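Some notes on the structure that comes next.
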Amino acid sequence: MSNAFGKGHKLHLIDGSAFIFRAYHALPPLTRKSDGLPIGAVAGFCNMLWKYVQDSKGDMAPTHVAVIFDHSAKTFRSDLYADYKANRPPPPEDLVPQFPLTREATKAFNIACIELENFEADDIIATLACQAREAGGEAVIISSDKDLMQLVGDGVTMLDPIKNKEIGPEEVEEKFGVGPDRVVDIQALAGDSVDNVPGAPGIGIKTAALLINEYGDLETLLARADEIKQPKRRQTLIDFADQIRVSKQLVQLDCETPLDFTLETLELRDPEPETLLGFLTEMEFRTLTNRVAEKFEVEAPSVPDTPAAPQGEAAAGPDWPEIDRDGYETVATEDALDSWIARIAEAGAVAIDTETTGLNEMTADLVGISLCVEAGSACYIPVGHVSGGGDLFGSGAKSDGQLDMDLVLGKLKPLLEDAAILKIGQNIKYDWKILARLGIRMTPIEDTMLLSYALSAGDGGHGMDALSERVLGHTTMPIKDLIGSGKSQIGFEQVEIAKATPYAAEDAEVTWRLWQMLRPQLSPNRVTTAYETLERPMVPVLADMEMAGIKVDPEHLARMSNVFAQKMAGLEDEIHELAGQKFNVGSPKQLGEILFDKMGLAGGKQGKTGAYSTSADVLEDLAAEGHDLPARVLDWRGMSKLKSTYTDALQTHVNADTGRVHTSYSITGAQTGRLASTDPNLQNIPIRTEEGRRIREAFIATPGHRLVALDYSQIELRILAHVADIPALKQAFRDGIDIHAMTASQMFGVPIEGMDPMIRRQAKAINFGVIYGISGFGLSRNLRIPRAEAQAFIDTYFERFPEIRAYMDKTVEDAKRDGFVRTIFGRRIMTPGINTKGPAAGGARRAAINAPIQGAAADIIRRAMIRMPAAIRDLPAKMLLQVHDELVFEVEDKAVDDLVDAARGVMEGAAEPAVKLSVPLVVDAGTGESWAAAH
DNA sequence: GCTATCACG
DNA sequence: GACGTACGTGATAGCC
């Protein structure tokens, strides 16, 4: 640096946060074309910076410049006054991801970018302005924020960047009625509703100015308050003197902010064309890129329409140290905890993992929390370990060396709920629920499992171990080493803390590293929108549904179990008699031997294992030939299935505390975007047979409530009509015609009126089959018609609706070329087997054809679910279940109609505004005291 | 831990 | 011309 900052130097201090918000509100919600990343505020910010750079050449030219940002919501002022800025709403959702980009933009312009933990931008600006003045130079604050006006004075002016108007002492006096040196007194008295500075009730700027001008300054005024003539005003100043003094502290900017750089480092530098153009191109700002290139007299880099998407995982990670399991810290003192919290606040992001006593989020208790803020630095905070030991009874007592759980949670809660601090987890819905049960609602969140899913659904698992292996090349410590497996398995609470720390902290560090690796891949792979709109927002929505659970009547189930048991016993006797011997009816192996060896019925062996197939298909054929035994076995199997999987198992899933059943939804369970329900699976409760359907009678509403079930009508066929652009199908849906009858009419040339139900049934089978990548063989088996006939149907179908063949061919072609297919909402599904030869190829092709359709339907109901909480917020209703095209709610009797209206509205409009479907979405609704009745 | 079977959309 | 044959799931029981 040439010489010290001083006389003749001019420092420009740009209020970066103000720039961002102005840019955000000034522009429509632009998104980056290639991936839909919200980019409006960044675009406006860059335009403003560019304009600033151009304008500040001549007379106005600064010698030094910096852009100053707010770092996080929490500052030292929150300690003075807990409610400081508490009224301020969180920034808009689509603005949050743009904050880091504005920092990058500033650096790309080669301008110093400054922020500091625990200090507001205003304090940094104040400190730098003071330093500039003391050094004998000048400072110009580029902002119109009234809170900064107290700084105006000798050597410090402000510049309103909108009006391009200088703000000097006169302008300040015009606004506050006093000179800059008394501005804080005015603000202390008048308060500020936006920042939640209390001030003195009933006193505004006008009155404050009057008082200060009369008494000289605030302290004098407060000391002589009893002299004030107006009784009410006098009393207010006496009663609220303390509050006014606190207010003054809140508005008084701090000129002593600890900064670790000198003014000289802020010396003006010209932007480097390559860096700046690189950034602008990456953001895909075409106009500004061209403008900047023109100015620099270089060729504008082209902004590609669709940037090349690097496939697969990143080749090499950052320059990280090896993972060192033995280097982790066990947090056992308050000081240590405080120091981690401070580091996290500074970093603005933390990877978090919870250890618990079990795997069920509704019953497991917290045992410890691990945190990681950077590679090589993670900790474990044990809070629930017990001294176990070999003794069966253990001591059960909390073991030494642990902080109190309430204390830890109390300290972590503000951080975990801080909108400015990102919480990163692997399958964070688990941790979210554990913490939610302890009164903490984490936000904002990121999930490495969901990142991986958005990037590469269909190509490998998304569990921590698989990801660590694939993305980081690191093998994680097996949990078995700690808790054992099988019968001798223990709970994590019984693991020695010294052994728990390496395992738990490693998980947090692996999560952190995965996030560092995966998050930057969203944009080049064009799945940012899918992740942000279809994956990440599902976490709190599903967590709330799962925690709500659904009421189940165990007695109803128990009665059914008894009935099934009796019927099964009767059938078993009959079967044994028909077989001429006793055997285990539930053993396919034994049954096969009875049927095919002993009784000598026709029916071949089945592939690999060499065992006979006794599947329903085979047994049905035998029964149709008039054999009684297979028919009885089919009946028995039906009963057995219902009893073991439903009436028996479901009872064990009723939560003792809530009396309800709490399923768990896996967001990444299906490759297409569908959810998967486990423990128990509530997405396959019987409905197709009368006996099975009665199981749904056990799912009930609490007294005074109803269950409401809403389901999309024919959603996949509608999506097919839209994406394959099939005029006949689209028109039929618009006209509300029976779609299967229409298909039959088109195929067989029969009128829709008075159609033979058999004909319609065949058309229906084809309509469904086509979504799955139909074959003559499959259809013939489904409809039990000769294969040639089935093939003829399919041929006719494609003749009538040629667009479907075109769509299928194009989809397969896309999959072969790209290695993936996409839904109309941007979800990406990898198609790994698509280019292989051999028998597997057919399956991969059909999966590729089906995925964009099933996936788009999944996207639509996800969008509906994400919007639902806000839409039904004012109703006494809860969303409980999702069954692929159906949502189940529980609502107070009186609000049933309102709920149906609200939920149907959300569901039918769920595709918009992202996609304007060319067919309507139709939602059917049913209500009742049980799930059976709601259908 | 794998296979066969069958419940759902 | 042969091959395998409708998409996506999860739970249970039997068996090794």
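If you're wondering where the values come from, they're calculated on a predicted model, not measured in any experiment. Just so we're on the same page: letters track the sequence lines, and every chain starts at 1.
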Output the rounded distance in Å from [atom1] ([X]) to [atom2] ([N]).
{"X": "A:I804", "N": "C:dC7", "atom1": "CD1", "atom2": "P", "value": "17 Å"}
{"X": "A:H653", "N": "C:dG10", "atom1": "NE2", "atom2": "C1'", "value": "11 Å"}
{"X": "A:Y453", "N": "C:dT9", "atom1": "OH", "atom2": "P", "value": "8 Å"}

- Task: Indicate whether OP1 or OP2 belonging to C:dC15 is found under 4.0 Å from a side-chain N or O atom of A:Q590.
- Result: yes
Taking atom types as they are modelled, is there a donor-acceptor pair under 3.5 Å from the base of [N] to the side chain of [X]?
{"X": "A:R846", "N": "C:dG4", "answer": "no"}
{"X": "A:S644", "N": "C:dT12", "answer": "no"}
{"X": "A:R787", "N": "C:dT5", "answer": "yes"}

Where the side chain of [X] is defined as all heavy atoms beyond and including C-beta, which of [options] is the nearest nucleotide?
{"X": "A:F777", "options": "C:dG8, C:dT5, C:dT9", "value": "C:dT5"}
{"X": "A:Q671", "options": "C:dG8, C:dG10, B:dG9", "value": "C:dG8"}
{"X": "A:Q854", "options": "B:dT5, C:dA6, B:dG9", "value": "B:dG9"}
{"X": "A:N584", "options": "B:dG9, C:dA11, C:dG14", "value": "C:dG14"}
{"X": "A:S775", "options": "C:dC15, C:dC7, C:dA6", "value": "C:dA6"}

| message | Test side-chain hydrogen bond (donor to acceptor under 3.5 Å, both in side chains) on A:Y612 and A:D597; report intermediate values, then the result. | response | CA-CA 10 Å; A:Y612 296 113; A:D597 289 342; 2.5 Å; yes
Does [X] reach a base, just sugar-phosphate, or nothing at all? Heavy atoms under 4.0 Å.
{"X": "A:A765", "value": "base"}
{"X": "A:A616", "value": "sugar-phosphate"}
{"X": "A:A858", "value": "nothing"}
{"X": "A:R781", "value": "sugar-phosphate"}
{"X": "A:E886", "value": "nothing"}
{"X": "A:N684", "value": "base"}

Please measure how far the [atom1] atom in [N] lies from the corresponding atom in [M], and state the result in whole Å.
{"N": "C:dA6", "M": "B:dC2", "atom1": "P", "value": "24 Å"}
{"N": "B:dA7", "M": "C:dC3", "atom1": "P", "value": "32 Å"}
{"N": "C:dA2", "M": "B:dC6", "atom1": "C1'", "value": "31 Å"}
{"N": "B:dT3", "M": "C:dT5", "atom1": "P", "value": "15 Å"}

Check: A:F768 ring centroid to A:H740 ring centroid under 6.0 Å: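 Yes, close enough.
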**Prompt:** When the ring centroid of A:Y797 is compared with that of A:F801, is the distance short of 6.0 Å?
**Reply:** yes
Check the pair A:D447 / A:Y453 against side-chain hydrogen bond (donor to acceptor under 3.5 Å, both in side chains), numbers first and verdict last. CA-CA 10 Å; A:D447 191 332; A:Y453 185 67; over 6 Å; no
All heavy atoms of A:L601 vs all of A:F596, minimum pair found to be O-CD2, 3.3 Å
